[in-house]
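Just so you know, these numbers use all the heavy atoms, side chains as well, and skip hydrogens, waters and symmetry mates.
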Amino acid sequence: MKCLLLIPALLAAAEPGEFFETKVRPVLAKNCYGCHRDAALGGLRLDSREAMLKGGKSGAAITVEQPEQSLLLKAVRQVDDKVKKMPPTGKLTDAEITDLSTWIQQGAIWPASATISKAGKGITPEQRAFWSFQPVKAPEIPAGANAIDHLVQARLAKDALQQAPKADQRTLIRRASVDLTGLPPTPEEVDAFLADQAPNAYAKLLDRLLASPRYGERWGRVWLDVARYSDDLLNSTKEEPYQNSFRYRNWVIDALNQDLPYSDFVKAQIAGDQTGHPAALGFYALSPEMQDDRVDATTRGFLGLTVACATCHDHKFDPIPTRDFYSLQGIFNNTKLAEKELASKETVAQWKALEKRVKEMEEDVTRFYTRQTEMIAEIEGAKTASYLLAAREMGPKDGLDEEILKRWKEYQSQPRKDHRYLDAWFKDPGEKTAHDFQEVVLAINREQREIETRNDYKKGGNTANPDLAQLELESIEYSKYVLWRSLFERSIRDSAGFFASTEGVYFFGKGKVDRFLPAPWQAHAKDLERRLAEAKKALPPKYPFLQIIEDKEKIQDIKISVRGDRNNLGELAPRAFPQILSKQQKLFTKGSGRLELGEAIADPDNPLTARVIVNRIWQQHFGRGIVTTPSNFGQLGERPTHPELLDWLADRFVKQGWSLKQLHRDIMLSETYQLASAGTDQMAANVAKDPDNVLLWRSPRRRLDVESMRDAMLYVSGELDLTPGELAVKLDEPSFKKRTVYGFVGRRRLDTMLALFDFPNPLATSEARMPTNVPPQRLFLMNSPFVEARAQSLAARSEGPLEARVTRLYRQLFGRSPEAKELALAKDFLASGDWTSYTRALLGSNEFLFVN
Amino acid sequence: MNRRSMLETMGAGLALTGFRALQAADDPLVAKAPHFAPKAKHVIWLFLNGGPSQVDTFDPKPMLDKYHGQPMPTANLRTERKTGTLLKSPFSFKPYGQSGIPVSEIFPKLGERIDEFTVIRSMHTDRPNHEPSLMMLNTGDRLSGRPSMGSWLTYGLGTFNQNLPGFVVLCPGLPVLGPQNWSAGFLPAVHQGTYLPTTEKDPKQLIQFIRNPKLEPAAQRREIDLMRHLNELQIEREGHDRQFEASIQSAEIAFRMQSEAPEAFDISREPEAVRARYGDSDFGRGTLVARRLVERGVRMVQVYFGNFQPWDNHDDIMLHQKLANQADAPIAALIDDLKSSGLLQDTIVIVGGEFGRTPAVEVGGLVKTQNGRDHNNHGFTYLVAGGGFKRGHIHGATDDFGFAAVENKVYIHDFHATLLHQLGLDHTRLTHRHSGRDYRLTDVGGEVVKAILA
């Protein structure tokens, strides 16, 4: 070590290596490496002692012999004019500069271990061996056995758990109907099913339900949770719906109804412009334009991988280097939002031309009035002295405008607190002070107008959305502005409503300025207005279009943002699929690479895609997934409770052509699905061993989700409108009686009912709903106009003697007849004659709100 | 095994495994034991949205007067828009109270109570834009989607009054980003802040579905009794289920809420003189409601000063005078009331916005005059009173011009960690497992700022 000239006291304790790591390297990394590492600006690198001693074009960066002469120190101290001030973004703190100085004085010790690794750490064999990255391997199933039952029962046997008995037929039809269509069966459907003695009666029931258009409406919504679907714009100050968001929602519903193979379903949403499903691109186009949201929704939604965790650092737990994140982000970075017209070229061109005309006419009108307003203000402003004098009865009123005179009287009725330009006038009102003031007024107005002209020029015509961080606008001195505003400016209001200035004395806007204008000008104004009105009238509603994304013309890979900092770019991250999922990482080359991405995800060899989707479907049927973290199949996700079952399902799913309907059939035909949801009292031993029913010894009891709850209420009251919806309608609109999936989903403000009943936050992809049971939900059931209206309709639906009416209600709501005790309760309650109250109690009962 | 021991067994199983679907059966809002003895039980956060300027309120900078009209001698840090030369404060400061802490003339009443506050002058956050900063202050993350602090509190601690929401948000309309500011994120939806508009003066309209306009309470009681009977018959038939019981229970609570909740929001029950002290403004009414709610056991109340972003004075800092004029009296009245009722020691009162403002004048805005300040995330001030915080204390400092925090810097995670600490929560242990990861309000950072604790 070199002889130290000076050792600051603070250093005494720190070991040089540690000092470098804690005090020096972070400063270099944060402030210098953007330019002086790989980029080596000015030929200078600062990532090793050798490089620093060697220096760049200006010479060595550090001089250990004469530490204080080091260029690096001079640059960061920013006092020597001959040396470039560094970093260009600001100045290091004094403490940081002292640390650098100390470090050089100490001999610029660079610990041997401290060479920066360029690439992220490699993927270890242990990481590769993680279960979810292994190929799907279907287990051997004994001939003739149902695979699901075989695997579930084997697992139960291991823990000596006894399976619950099979559910009765009535329970089964309600469970299957609600599960597949989100609606309870009608009494007639229940009767028919109970009467059907055919051995395949249940299979036929499933076929009927799967063929119903109601199926897509129920299961489409399941996917829309994952797709973070919503109907409004996030980056807007008011509640604005996307006019065409419904086209994506309906595409999802239709795709499921048509049983579009899941592989195609995936590819369509990523690259539907290239696979004949442009509407599917709403998956991205309707979501906030944040690139990390897109990577997050893509990887968690389709792959069960949390790649967005690697934004700032290599994934802490999964084999996902930071570069993989930016490789995927690069794909979306090369796309842009677009509208795909669903109208003929002529219609579109015509509409755009008409819209342009409206805008031009609007500008004409605005420009005309702005000019007239300014001109009148200038003309009248030149009479300021006369107005002042006349206002105090000290001069004639000839040629003065009465309204302005009135304003002037008001203006000088009290001494001004906001400016001092009238002080002289107030002290000594007369010709001289009036004319002096007038000169000031005219000069200030002139100055303000000139500044405005120069500012407009600086904005380069882009007045709507200039770059405010760069734009250096001019302004008039504040005191002058206060005077100017009080004479020439319109009334100004702040958006929050805390401030409003009164209209300037000389300000007369549209409508008020007209009376100053000569007749031909007034006629011209009227003509402009008439033409604008005509243009507006001629503009039809906008043609339909799809909200899509499309590739940019110029494709460019992006660089890694070191530690997520966009001002600190690292190496290039070419567009590609995550390394752990690629046998050999192949770069994406077709456009942005979206289609290649979709193909890589939908590749039958991809170990995650099929597992993730069959698990999502399983989760809906059983209330919990085989993996209980459906969007995280990584190290921190849960392990599958039945790994072989998951693989059997995934394997079969792919072999059956990625058919979701066939998957439902496989699951629902199993005995496991058809178990009773035995009350916990009856199976005490099981409850003690497996209280959460993780191993599936019974069917879970579940509350209806919010869509099924609302739809079922409308359905049993005979009011549900089963025609598909288009443009989303607010759910609290009383006349809206279509299925809930067609209701408005607001990102900015979620509907109260949806929010109360556990609808997921549409800001990010959602893997599961968390059922709650809280008093505000009961307030909705007790007091809301919605439930009141359903209860009324329901009560009005049945006629005749009390017992028959009650029986009819029980059959409609619960698919069974009332018991004697229940009839007795009804008789007792209905002595009051309040049928609405009675039916509301039924709608709020657990039997209606839960499925066994 | 009888039914009772069965339930106990189930309870133990649930506690160990926490299966989500059944978790719902437990009332998530019942008051829970904190990690350690708390110093405070409630939070009232008076949110001066838009970004109040520190150098015009609680962080006077004589150097600004000296260098007024000159470029900043040190580096001008990047903010949202271009700024120019330094702009002195148009307001004068004077020391108040025993502590002698200087407060701007636009907050005279608050000034007289400054001895109750810790003035944190060294707050800082990441971005000079409203949205990410609102998200940071409220959820500890720049992007939307994480749970807000109030949601974390009811998640971790529950609340004291089951007949009222545990986390209430008051605003006349909506601040920027609206409900994302009080989102429960991935926590159960029940922890989402309950938003109530302060413009609504009829307390019965304040809570959705709080009454049935067509049903007298006695008739409704009959209806709920009928439903209860039907539910009990079902349990007899199908056996026991915690979900069924929770549903019966919450109907009972909901019935009671109907009479108790509107009373809490009804400020017409306050004496005229009290209402006068708070002032007949949205913020005044909101602050008074906040006091009534905390008195009734609500865990946290957040009062937004106004719609959109009132304190965002890019163009004319003189507007701060009007805003402060409306903020000053309610803050003072709240401190006085909480102090005289003794609740101040249990309640943390927070005053501050999403960031501060630049000491230099904004020149990049679309405005006609240049007498305002741009957003400033590099340094700003927060006020904290009650709840075991130091009284009459200044913590940290910004540089000579009030631009960046330089001494004892307090990052948002540190601020949150400290607030949680006073409420008896270790911020590293208040976690929720979501999609395979444990999340917390303070992400992976946060240090309790011990220096401001009494």
note = Here the pair of heavy atoms bringing A:P775 nearest to B:A254 is O-CB, 3.5 Å

message = Taking side-chain contact (heavy atoms from CB on, under 4.5 Å) as the definition, give me every residue that meets it alongside A:E477, ordered by chain and number, with sequence neighbours left out.
response = A:S479, A:K480

remark   = Applying side-chain contact (heavy atoms from CB on, under 4.5 Å) to A:A755 and not counting sequence neighbours gives A:L750

request  = Check for a donor-acceptor pair, side chain of B:R222 on one end and backbone N or O of A:F829 on the other, with a separation under 3.5 Å.
outcome  = yes

ask   = B:Q370 side chain to A:L473 main-chain N or O, any donor-acceptor pair under 3.5 Å?
value = yes

query = Side chain, backbone, both or neither: which part of A:D690 has a heavy atom under 4.5 Å from chain B?
reply = neither

task = For the residue pair A:Y481 and B:D316, confirm or rule out a side-chain donor-acceptor distance under 3.5 Å.
result = no

ask   = Of the non-hydrogen atoms in A:Q792 and B:K214, which two are nearest, and what is the gap between them?
value = NE2-NZ, 3.7 Å

query = If you measure from the Lys or Arg side-chain nitrogens to the Asp or Glu carboxylate oxygens, is any gap between A:R778 and B:E252 under 4.0 Å?
reply = no

note = Heavy-atom nearest pair, A:N783 first then B:F209, reads ND2-O, 2.8 Å

query = So, does B:N231 use its side chain to make a donor-acceptor pair with the main chain of A:N846 at under 3.5 Å?
reply = yes

request  = Could you tell me whether A:K821 and B:E236 make a salt bridge, using a distance below 4.0 angstrom between a side-chain N and a carboxylate O?
outcome  = yes

ask   = Checking B:Q243 side chain against A:R702 main chain: does a donor-acceptor pair fall under 3.5 Å?
value = no

